[in-house]
There are 2 protein chains.
Amino acid sequence: MPENARMAARTKTPAAPAGSSADPADHQPPEGFLAEFLGAQNAQLGLRERKKQATRNAIRKATYALIEEQGYEATTIEQIARDADVSPSTVFRYFATKEDIVLTDEYDPIMLEVLRERPAGEPPLSSLRFLLTEAVKAVAAHEPEELKQRSRLIVEVPAVRARMTETMAQTSQALSVVLAERTGREPDDLDVRMFTAAVLGALREAMIYWGEHEFEEDLLTVVLRTFDLFERGLTL
Amino acid sequence: MPENARMAARTKTPAAPAGSSADPADHQPPEGFLAEFLGAQNAQLGLRERKKQATRNAIRKATYALIEEQGYEATTIEQIARDADVSPSTVFRYFATKEDIVLTDEYDPIMLEVLRERPAGEPPLSSLRFLLTEAVKAVAAHEPEELKQRSRLIVEVPAVRARMTETMAQTSQALSVVLAERTGREPDDLDVRMFTAAVLGALREAMIYWGEHEFEEDLLTVVLRTFDLFERGLTL
DNA sequence: GAAAAACTTGACAGTCACTCTCACTTGAGA
DNA sequence: TCTCAAGTGAGAGTGACTGTCAAGTTTTTC
């Protein structure tokens, strides 16, 4: 069920055959290298860990289905638990809040890793541009439907939006630490923190805009516009 | 985390008469013109309205006192209601969420008014700089203790921080509309929205930084640093 | 391969923010 | 003074979330 999506991501790259890599991976990795990290993980994991993954996915899948059918507010944890064949306690063991069931993704640690490996002199803004456009590409390719449903919820349900903002703020913090390191500053340098917060704040807005406008444009396009604006020094 | 899908329900805020600044009740010190608006309001209001103000203040006061003494989480609505001499129902009539009791301020409509009256050609960034530094000055002068306690809560209590972020996002939206108007764009122009979101995102970070560092610097100083960063084109 | 250790789960009871309804009171205006 | 709208308290929910404990299940150890 949920595994197929995961497996598909692992073996995918439908455009370019996996075995014979036509491109010698210069600095522009093939479509969504981020996604590969994900699949690579549950290769040879213990039974316990695999079961956990399955439960997690079952909960998320049940949640998305229920919300699709009856809306966010009307969907209770009890219903989710029933449909996912677990107890309500278990749902809360996997997700701290109801919003998290919808929002949680696990790209963060990967992004940090990738950020650390960017060329030494690269300007922070360029690093972020690379990171975030790649992330968007990966998500858009990996789970396009979830992405839209999630955006819809972010626009419509204040609690979900608030929770997303909070997780973005956490991401911002983590990115700041690495950026500070890369530019030789204290880990909690105010300028770096404000810079990162500004970028992520603008991206949040871009994402909401995208959802409000019924996904007319590509999300990637909107994100690129964000970075263009920053590259112009944020002059209006 | 509780669901706060309501909000917006409250906020009546009288429509700030633009020219009628002839206030007979002038018991408020003239620091920061923003503060004046506030005092001017409950001058000659009906008994009903004055009672409402009193109730509102009683609730806030009780809340701050209880939190001071036993912490945010440990403070329940029931306790607040008891101390403020009202029923729990009434507390919720005045504040949509528990967080709002701590956060609510009514500067927003004033800021919009002031923004509209800024000189025509002024660059958006300068307008925002003026607005927000004035707002900070006003709050710092008007209720310095609340400001600190609030900042402490914002740093320590995720729910409060999330709620503040959400209200800042609303402010951002409102400011964007006016800024768009002033620069001759569509009301929901993406660039303007991203710009405003970036500025407010950075300010949020600055405020948290200020709280995390035990208020070593002036809040105003930190805010000015934010605008300086933007004026330098956000180059790190 | 069995027993111990470590982890995961469901059941259950409880707390608390928040909603809704309804009868009652109080201030405003005629 | 009378009338009506607005504000209030009481009370009965709902549902997210927490904590605890006994009963499984997987992993580790000998």
Side-chain angles (χ1 to χ4, degrees), chain A residues 42 44-59 62-63 66-67 70-104 153 157-160 162-163 166, chain B residues 1-10 12 14 42 44-59 62-63 66-67 70-104 153 157-160 162-163 166:
Chain A
N42 71 350
Q44 73 280 46
L45 245 38
L47 169 58
R48 191 173 267 171
E49 213 57 31
R50 265 179 292 136
K51 271 194 172 179
K52 271 163 71 175
Q53 285 295 350
T55 304
R56 196 177 177 82
N57 286 332
I59 293 171
T63 304
L66 281 167
I67 289 178
Q70 55 182 13
Y72 182 83
E73 319 277 7
T75 300
T76 71
I77 298 289
E78 208 171 336
Q79 293 173 338
I80 293 171
R82 191 173 337 114
D83 280 25
D85 258 314
V86 293
S87 74
S89 324
T90 298
V91 175
F92 284 114
R93 278 200 194 92
Y94 280 82
F95 299 94
T97 71
K98 185 179 164 188
E99 294 85 49
D100 278 344
I101 307 177
V102 170
L103 291 173
T104 296
L153 289 173
V157 184
V160 173
R163 186 63 172 174
E166 187 72 5
Chain B
M1 184 168 294
E3 309 242 348
N4 24 7
R6 49 235 143 250
M7 68 182 62
R10 204 66 23 184
K12 14 115 203 313
N42 66 354
Q44 71 276 54
L45 247 37
L47 170 57
R48 193 173 263 172
E49 213 58 30
R50 263 179 292 134
K51 269 196 171 178
K52 270 163 74 174
Q53 285 295 349
T55 305
R56 198 178 176 81
N57 285 334
I59 293 171
T63 305
L66 282 166
I67 290 178
Q70 55 183 10
Y72 181 83
E73 319 277 8
T75 300
T76 71
I77 297 289
E78 207 169 339
Q79 293 173 339
I80 293 170
R82 191 176 334 115
D83 281 23
D85 256 313
V86 292
S87 74
S89 324
T90 298
V91 175
F92 284 115
R93 279 198 192 92
Y94 280 82
F95 300 94
T97 71
K98 185 179 164 187
E99 294 86 48
D100 278 344
I101 306 178
V102 169
L103 291 174
T104 294
L153 289 173
V157 184
V160 173
R163 184 67 172 169
E166 187 72 8

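A note on names: the letters A, B, ... follow the listed sequences, proteins ahead of strands, and every chain is numbered from 1.
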Query raised in the report: With sequence neighbours left out, what residues match A:Gln70 under side chain to side chain donor-acceptor pair (under 3.5 Å)?
Result: A:Thr75, A:Gln79

Query raised in the report: Roughly, in whole Å, what's the span from CD in A:Gln70 to P in D:dG15?
Result: 11 Å

Query raised in the report: Quick one: B:Lys52 NZ to D:dA5 P, roughly how many Å, whole number?
Result: 16 Å

Query - Partner set under side chain to side chain donor-acceptor pair (under 3.5 Å) for B:Thr90, not counting sequence neighbours - result: B:Ser87

Query raised in the report: For the pair made of CD1 in A:Ile101 and P in D:dG15, what is the distance, rounded to whole Å?
Result: 15 Å

Requested in this report: Report, as a single string ordered 5' to 3', how protein heavy atoms within less than 4.0 Å touch nucleotides 25-30 of chain D: B base, S sugar-phosphate only, - not at all.
Outcome: BBS---

Query raised in the report: In whole angstroms, how far is the P atom of D:dA6 from the CZ atom of B:Arg56?
Result: 18 Å

Query raised in the report: What integer distance in Å separates A:Ile77:CD1 from C:dT15:P?
Result: 21 Å

**Report entry** Counterpart residues, side-chain contact (heavy atoms from CB on, under 4.5 Å), relative to B:Asp85 (two or more places apart)
**Finding:** none

Requested in this report: Just jot down the side chain to side chain donor-acceptor pair (under 3.5 Å) partners of A:Ser89, sequence neighbours excluded, or say none.
Outcome: none

Query raised in the report: With nearest nucleotides of DNA chain D determined for B:Ser89 and A:Glu78 from heavy-atom distances, which residue corresponds to the more 5′ nucleotide?
Result: B:Ser89

**Report entry** Residue among A:Arg163, A:Arg93, A:Arg56 satisfying salt bridge (Lys or Arg N to Asp or Glu O under 4.0 Å) with A:Asp100
**Finding:** A:Arg163

Report task. Indicate, with a heavy-atom threshold strictly under 4.0 Å, whether A:Phe95 touches base, sugar-phosphate, or nothing. Result -> nothing

Requested in this report: Would you please confirm or rule out a distance under 4.0 Å between OP1 or OP2 of D:dG7 and any side-chain N or O of B:Tyr94?
Outcome: no

Query raised in the report: What about A:Arg93: does its side chain form a donor-acceptor pair under 3.5 Å with the base of C:dG10?
Result: yes

Report task. Apply side-chain contact (heavy atoms from CB on, under 4.5 Å) to B:Asn57 and list each qualifying residue two or more places apart in sequence or on a separate chain. Result -> none

Report task. Would you classify A:Thr76 as touching base, sugar-phosphate or nothing, given that sugar-phosphate means primed atoms plus P, OP1 and OP2, and contacts are heavy atoms under 4.0 Å? Result -> sugar-phosphate

Report task. In whole angstrom, give the distance that lies between atom CD1 of A:Ile59 and atom C1' of C:dG10. Result -> 13 Å

Report task. Round to the nearest Å and state the distance from A:Phe92 atom CZ to D:dT18 atom P. Result -> 7 Å

Report summary line: Among the nucleotides D:dC17, C:dC18, D:dG7, whichever has the atom closest to the side chain of A:Lys98 is D:dC17

